[in-house]
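A, B, ... follow the sequence lines: proteins, then strands. Residue 1 opens every chain.
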Amino acid sequence: MSQQFGKGCHLHLIDGSAYIFRAYHALPPLTRKSDGLPIGAVSGFCNMLQKFVEDNAGPNAPTHVAVIFDKGSHTFRNDLYDLYKANREAMPEDLRPQIPLTRRATEAFNIACKELEGFEADDIIATLACQARAAGGRVTILSSDKDLMQLVGDGVDMLDPMKNKRIDREGVMEKFGVGPERVVDVQALAGDSVDNVPGAPGIGIKTAALLINEYGSLEDLLDRAAEIKQPKRRQTLIEKREQIEISKKLVQLDCDMVLPFTLDDLEVRDPHAETLLAFLSEMEFRTLTKRISDKLGVEAPAIPEPVQEAPEAQAEQVPIAPETYECVRDAAALQLWIDRINDRGYVAVDTETTGLNEMRADLVGLSLCVTPGQACYIPLAHRAAGTDDLFGSDDLAEGQMDLEECLALLKPVFEDPAVLKIGQNMKYDAKILARNGINVAPIDDTMLMSYAMNAGLHNHGMDALSERYLSHSPIPIKELLGTGKAQITFDRVAIDKAVGYAAEDADITLRLWQAFKPQLHRKSVTRVYERMERPLVPVLAEMEMHGIKVDRDTLSRMSNAFSQKMAALEDEIHELAGRKFNVGSPKQLGEILFDEMGIEGGKKGKTGAYGTGADILEDLATLHDLPARVLDWRQLSKLKSTYTDALQEHIHPDTGRVHTCYSIAGANTGRLASTDPNLQNIPIRTEEGRRIREAFVAEPGNVLVSLDYSQIELRILAHIAGIDALKEAFREGQDIHAATASEMFGVPLDEMTPEVRRQAKAINFGVIYGISGFGLARNLRIPRADAQGFIDRYFERFPGIKEYMDQTVAFAKEHKRVETLFGRQIHTPEIGAKGPHAGFAKRAAINAPIQGTAADIIRRAMIRMPEAIAGLPARMLLQVHDELLFEVDAAAAEELISVARAVMEGAADPVVKLDVPLVADAGQGANWAEAH
DNA sequence: CCTGTCACG
DNA sequence: GACGTACGTGACAGGG
């Protein structure tokens, strides 16, 4: 039966990666019904293989066939040029686990499946095609990759599997303007932005083809470059000769690989019905299983239909029963769990630690869950009970696995790209594990799934999610740790008590994941979750763990200075008041001012206390000295307590740096929030406060670099609302507030006064916040009628703004949510409220798409940043809503600025094409005050 | 634990 | 016609 490959043979080569990506992008993110395993790409891939098999009857039928895959990310091309494919976007996380399944699918169809570590599929395809051609056979390459067009001709053609379009010599001529043998030359000149092949700047395919046709070959062209008439082109070709030559090597396919198999191994084989159907039914592809079994004339295997019930009902099906969870105490027991995880391809993980601060807390135990109701807890560092039962012992409790041994066993699983690790707030667990030498990936996060779907509806903590979506109240941690002064840490909890609590968390997480995963697509937030939530986790974890250096002495000195000034002010205030009182007590201050000193106009709030806010005291300052002194005192008190004192407590003893924690799902609009400490509200507006930033420093030899988006929210407003005058002003780089003032008041730009500009600025901000006459009047301290007049005139000059506001509110009323340009949904359940609530909800709805789009943009920049700056001695340290702060070797500061700026300014691409440019301003210096 | 105040974007 | 309002956060201190 077997025939030697030669004349009359027809080899089909399928570009496996191309098939997979086509399948992935062409189909919605399907999941396997029984367990939610992402399966869309595998499904598409199988359909394409099936179609391939069905189509191949008749004269064009292949005698030989193979699916060729890429393997390994580092190839000889990376050695030639380290930036090769450097700006490739990372593989989507829900595609990664599907890759091994497509290999299995190929084998199930009984089609040869070939790959070689460190080689791209293209080179294997090229080698096979050349071998087949040399043997006198025909070749069809099933791919649309233009790199493969070099191979066309002499019995080799291509077939674009999606468009079903055959590409022959003429097709190549059409695409490249040259024959297949010169395609490499054209590519070398034109470069390829997708693969990051540099080529010759300013020369595209058209020009390249023109040049090659004129000079015959790339080599002749480069040798005779001096003859070229166009000066720019001539210069490029002479100066970039080396870069062009490297480009040619990058695009040139390798036809002479030594392969560990021969063409004869690729002979077409009929699939084994049993193997193929077993695989298809395991994947739960009902239609395809039926179709193929009909075709093969065998009975289709039964695929159990999972019961379609509400999540609540499913939860009842397998009750959450903490007493049934297993306690894993040795390597043999753990190995059983690892086997289960590898079988499944995913696992819910939860870590227990001695505290909530990821940089200080120690690992105490781990829980795992692979199927609802089956979870385990692995205690690792619980302490033995003390002899007197009052003070715990420092010795480890009996019956625990050795921590190192456990981590060594779990590390390969936790780092296995084919095993998905599911967590609730995975950044926490990832940081704890990272400090123990494990880099968890890939991950899914139920908290972030909920955030993507439900922002604005409720918070996304596990207790809330469990109650809402599983109708189950988890064991409160208080039951184990107690509260207040008597609170203990988790390592002091008895192991048998810990098992139920800890394993339950993993069980709940898995159940939430199963409930949420299919919902992401239904609610149209898959892209938001996949592109703007999940990829941010490792980026933030990295930033937080790296921290920023804070100089304790600087803070301490400032603190002392503040103390002295405050003491002096306090004396003065008591003197003015006529008696001693607590200046820090708004209640006492109100009584002093309005009762004892008899100042008029005190207003009591709903609690019955006088208001003493800064705005009120500022008004009173014109009448009396005391309020002005109190304002000064308050400013110092704030700076001292919140910054110079508290910040010192946050300096980590081991690193000497401050490690903030960002909440990804904290703010409804998509913004991050910073806690412990909050590094997004370090003072800057007053000179005295600004000096606190001098304590944030770079290591010796380094500098801090700050890049912040200029007017990003106004730019977004100009784009969304379509305000031509504003767009124009931004495109021309004008001072936007002055331009607004000029448009509104008819004052020419060169006659603009600071006062008029200030008013326009207040209006611009007001618009972003959902302007009201009252709010603007208060901000500008002008009569309300005047403020309303400004607003009316503003809407008159920029009618698009009013239209945007009305449309947004109408959309919110209809859908109970608004959306950012990138599809992030922010729910607005209060939008229909009556009474004073109504105004709040409207303004929030107007503001959310603007603030949220800005948040999306900087998220995208942050996600791309690590790869972009990977080659530089630089680290991203902080995010402050529209600013990114870096630490970089002083010598590389300028390069970092240009790279990071490009990432930030291009962060909306390619999903959203903004009508206005994004601009990032940069600064650098030894400390944050100088850098900003 | 809640409220007022104030730091940031 | 009156009401009460700028949007989004977090930390600290005072006071029940």
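A:Asp882 places its CG atom 17 Å from the P atom of C:dG8, with the value rounded to the nearest Å. Straight-line distance from the NE2 atom of A:His881 to the C1' atom of C:dC7: 12 Å, rounded to whole Å. Computed from coordinates, the A:Ile684 CD1 to C:dT9 P distance equals 22 Å when rounded to whole Å. Straight-line distance from the CZ atom of A:Arg784 to the C1' atom of C:dA2: 10 Å, rounded to whole Å. At whole-Å resolution of the value, CG in A:Leu776 and C1' in C:dA6 are 9 Å apart. Between A:Gln851 atom CD and C:dA6 atom P there is a gap of 16 Å when expressed in whole angstrom units. We find that CG of A:Leu589 is positioned 17 Å from P of C:dA13, with the value rounded to whole Å. At whole-Å resolution of the value, CD1 in A:Ile846 and P in C:dG8 are 11 Å apart.
A pairwise comparison of heavy atoms in A:Val916 and A:Arg715 identifies CG2-O, 3.4 Å as the closest pair. Annotation for A:Glu591 and A:Tyr610: closest pair N-CD1, 4.1 Å, computed over non-hydrogen atoms.
Here the side chain of A:Ser585 is nearest to one of C:dA11, C:dG15, C:dC12, namely C:dG15. Of the candidates C:dC7, C:dG8, C:dC12, the closest approach to any side-chain atom of A:Tyr769 belongs to C:dC7. Proximity note for A:Thr642 (side chain, C-beta onward) versus C:dC12, C:dG10, C:dT9: the nearest is C:dC12. Minimum atom distance to the side chain of A:Ser641 is reached by C:dA13, of the listed C:dC7, C:dA6, C:dA13.
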side-chain hydrogen bond (donor to acceptor under 3.5 Å, both in side chains) assessment of A:Asn764 paired with A:His737: CA-CA 7 Å; A:Asn764 276 333; A:His737 300 309; 3.0 Å; yes
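Rounded to whole Å, the P atom of B:dT3 lies 15 Å from the corresponding atom of C:dT5.
Residues of residues 923-932 of chain A that place a heavy atom closer than 4.0 Å to DNA chain C do not occur.
A:Arg843 has no side-chain polar atom (N or O) that falls below the 4.0 Å cut-off from OP1 or OP2 of C:dT5. Distances shorter than 4.0 Å separate none of the side-chain N or O atoms of A:Asn847 from OP1 or OP2 on C:dA6.
Residue-to-nucleotide proximity on DNA chain C shows that, of A:Gly584 and A:Tyr643, the 5′-proximal contact is made by A:Tyr643.
For DNA chain B, the contact window with chain A, defined by any atom under 4.0 Å from a protein heavy atom, covers B:dT3 to B:dG9 in 5' to 3' order.
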task: Using Watson-Crick or G-U wobble pairs with both distances under 3.5 Å, give me DNA chain C in dot-bracket, 5' to 3', with [ ] for crossers and | for pairs to another strand.
output: ......|||||||||.
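Within a 6.0 Å radius of CZ in A:Arg901, more than 12 heavy atoms belonging to other residues, nucleotides or ligands are found.
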